[in-house]
Amino acid sequence: MTTYKDSAGSKTDAQQAKMTLAQVFESLVGGNLNIRVTAYDGSAAGPEDAEFGLNLVTPRGTTYLVTAPGDLGLARAYVSGDLELIGAHPGDPYGALHALAADLEFKRPSPLVLAQVARSLGIEHFKPIAPPPQEALPRWRRFAEGLRHSKARDAEVIHHHYDVSNTFYEWVLGSSMTYTCAVYPDLDASLEVAQENKYRLIFDKLRLKAGDRLLDIGCGWGGMVRYAARRGVHVLGVTLSAEQAQWAQQAIIDEGLSEFAEVRHSDYRDVTESGFDAVSSIGLTEHIGVHNYPSYFSFMRDKLRDGGMLLNHCITRPDNAKSSRAGSFIDRYVFPDGELTGSGKIISKLQDIGGVEVLHEEDFRYHYAMTLRDWNRNLVDHWDEAVEEVGEGTARLWGLYMAGCRIGFERNIVQLHHVLGVKLDDKGRHKLPLRPWWDA
């Protein structure tokens, strides 16, 4: 713990002394640090032998921290290179973030301490400056440019996150090119095996067979589309990302699957075909908006024949009561307009539309923590190429985001659920087996 020095040998009260940057940091997060904090003014706090730490590199970083206290200010300073995480690779800062998450508890200082902080830093650090270019507009600006979850605004936020670079995603996601939670058959399974197993599980839950028709909404780079097409299923995939659609269509051609598979650059609401044997939604619900669930699930139901199956795979909260909106870092840097809620609300909204019976739900949160672990490893392995492709700021952002989300899944802050349902006939019937028919 740092100590306050006397000022000119006569003022011993800490409130009269000018604070160092390390002391300012301590005043915001508490004085019992197990991490090491250093700053460009030469000050330090925390144990000298700490495995992990923070290094404040520039005055701009101080401004980011002061003008946006909490995770948003930390993210701005880190993505811009003005704040360093010590003891961890930027492609996988999990260890450092894990230590920081256990150590840092941001609190509001007393008015007296705040005044001392302002006097110590200087007024110039309290004037907001432009955030890093990777940051999306704040919610109020996005509202001014389009209604929340309108087709135009949804297309823009999907572009912000997914049209980074197909080459970059190939390095991070691996050969499966799948940006959703894998399902690990065992603890030692590779990412590629786990992603293939995820598609196998969904395929089996939906009771698909050769000759069936599948609609995959929010299909990404077409992983589920191509998995089903290889087994003789006719598949239509839709995505709002132009780069995803282009990559997926080329992959379909390269694999000789054009007879069975198509990926469109389209809003799912513009699909006119119906009578599908199954509808899958793998990682789209997070972008829909909770108030749009009734129309979203009604769309899925209406695209099915009687007896057709639907499966919804999405990130969830561990309860159904908290606000559905994402925190400031996720909203501004990762999923603008993203919303999460509990599996109970998803199931109730699906039940409330009528004509669909919910058969099964399953939680995969530990699987997502493992998936994120493997994506971070891929980013480390391709760090130099990733920095050259998208720039260091974006590469740092992705390392931070994936490692932070891994901690969120490990701590049950977020979960991942499958919800499986069947469309009933007009007499409320279906012809499914009495018990689950798939292998876990």
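Along the sequence shown, residues are numbered consecutively beginning with 1. Note that the coordinates shown come from a computational prediction; the quantities given were computed from them, not determined experimentally.
- Judged purely by atom type and a 3.5 angstrom limit, S266 has no side-chain atom pairing as donor or acceptor with the backbone of Y268.
- Contact check for F52 versus P93: no side-chain heavy atoms found under the 4.5 Å cut-off.
- The line from NE2 of H291 to NZ of K349 is 11.0 Å long, rounded to the nearest 0.5 Å.
- At least one test fails for R305 against the ring of F276: distance under 6.0 Å to the centre or angle within 45° of the axis.
- In this structure, R231 is positioned above the aromatic face of Y227, its NZ or CZ under 6.0 Å from the six-membered ring centre and within 45° of the axis.
- Side chain of T371 to backbone of A182: a donor-acceptor contact under 3.5 angstrom is found.
- A salt bridge links D82 with R60: the closest approach of a Lys/Arg side-chain nitrogen to an acidic carboxylate oxygen falls below 4.0 angstrom.
- A donor-acceptor contact closer than 3.5 angstrom links the side chains of Y296 and S281.
- To the nearest 0.5 Å, the span separating CG on L340 from OG on S343 amounts to 12.0 Å.
- Two residues are said to be in side-chain contact when any heavy atoms from C-beta on lie closer than 4.5 Å; E361 and L420 fail this criterion.
- Checked against ring pair (Phe, Tyr, Trp, His ring centres under 6.0 Å), Y184 has no partners two or more places apart in sequence or in another chain.
- By the side-chain contact (heavy atoms from CB on, under 4.5 Å) test, D381 pairs with no residue at all, sequence neighbours left out.
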Stepwise side chain to side chain donor-acceptor pair (under 3.5 Å) check, N376 with R406: CA-CA 10 Å; N376 273 123; R406 176 183 171 187; 5.8 Å; no
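- The shortest distance between side-chain heavy atoms of D352 and Y293 does not fall below 4.5 Å.
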Working for side chain to side chain contact (heavy atoms under 4.5 Å, CB included), residues F409 and L372: CA-CA 9 Å; F409 282 103; L372 289 155; 3.7 Å; yes
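- Taking the six-membered ring where the residue is Trp, W398 and Y169 present perpendicular rings, their angle passing 60° and hence far from 30°.
- Atom-to-atom distance recorded for D439:CG and D204:CG is 7.0 Å, nearest 0.5 angstrom.
- Here K345 contributes atom NZ and D319 contributes atom CG; the two are 9.5 Å apart, rounded to the nearest 0.5 Å.
- Side-chain atoms of R213 do not come within 3.5 Å of backbone N or O of V235 as any donor-acceptor pair.
- A donor-acceptor contact shorter than 3.5 Å is absent between the side chain of T394 and the backbone of G391.
- Within the 4.5 Å cutoff, side-chain heavy atoms of L97 are placed close to those of L400.
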Listed pairs under 3.5 Å, donor-acceptor, residues 190-198 side chains, sequence neighbours left out:
from	atom 1	to	atom 2	distance (Å)
S190	OG	V193	N	3.1
Q195	OE1	K198	NZ	3.0
Q195	NE2	T178	O	3.4
Q195	NE2	T180	O	3.0
N197	OD1	R200	NE	3.4
N197	OD1	R200	NH2	2.8
N197	ND2	V183	O	2.9
K198	NZ	T180	OG1	2.8
K198	NZ	C181	O	2.8

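- Formation of a donor-acceptor pair under 3.5 Å by the D212 side chain with backbone atoms of V233 is not found in this model.
- A salt bridge is defined here as a Lys NZ or Arg NE, NH1 or NH2 lying under 4.0 Å from an Asp or Glu carboxylate O, and E273 with R264 meets this definition.
- No donor-acceptor pair under 3.5 Å is formed between the side chain of E392 and the backbone N or O of V387.
- In this structure, R411 and H98 approach most closely via the heavy-atom pair NH2-O, 4.1 Å.
- Annotation: side chain of L424 is not in contact with side chain of V356 (no heavy-atom distance under 4.5 Å).
- The pair K427-D425 does not count as a salt bridge, with every side-chain nitrogen at least 4.0 angstrom from each carboxylate oxygen.
- Taking all atoms of both residues into account, the shortest heavy-atom contact from E135 to P131 is OE1-CB, 3.3 Å.
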Side chain to side chain contact (heavy atoms under 4.5 Å, CB included) between Y333 and L72, intermediate numbers included: CA-CA 9 Å; Y333 279 92; L72 182 59; 3.8 Å; yes
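- Atom CG of D216 is separated from atom CG of L236 by 9.0 Å, given to the nearest 0.5 angstrom.
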Side chain to side chain contact (heavy atoms under 4.5 Å, CB included) assessment of E51 paired with R36: CA-CA 8 Å; E51 181 179 4; R36 183 70 169 169; over 6 Å; no
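- Contact detail for L201 and W438: the closest heavy-atom pair is CD1-CD1, 3.6 Å.
- We find the NE2-CG distance between H313 and L416 to be 4.0 Å, quoted to the nearest 0.5 Å.
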Stepwise side chain to side chain contact (heavy atoms under 4.5 Å, CB included) test for V358 and V419: CA-CA 7 Å; V358 174; V419 176; 4.1 Å; yes
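- Between S165 and V390, the closest heavy-atom pair is CB-CG1, 4.0 Å.
- Closest heavy-atom contact between W171 and A386: CZ3-N, 3.7 Å.
- The nearest pair of heavy atoms linking H265 to S241 is CD2-C, 3.8 Å.
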Salt bridge (Lys or Arg N to Asp or Glu O under 4.0 Å) evaluation trace for K205 with E362: CA-CA 12 Å; K205 284 182 174 181; E362 190 171 2; 2.9 Å; yes
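- Inter-residue side-chain proximity for V271 and V238 is flagged as met; some heavy-atom pair is nearer than 4.5 Å.
- H417 has its ring centre no less than 6.0 Å from the ring centre of F364.
- Other residues, nucleotides and ligands contribute over 12 non-hydrogen atoms within 6.0 Å of the CG atom of D254.
- A side-chain donor from one of E410 and Y94 sits under 3.5 Å from a side-chain acceptor of the other.
- Side-chain contact between N55 and L83 is absent, with no heavy atoms from C-beta onward closer than 4.5 Å.
- Considering only heavy atoms from C-beta on, L65 comes within 4.5 Å of L56 through its side chain.
- Other residues, nucleotides and ligands contribute at most 12 non-hydrogen atoms within 6.0 Å of the CD atom of E388.
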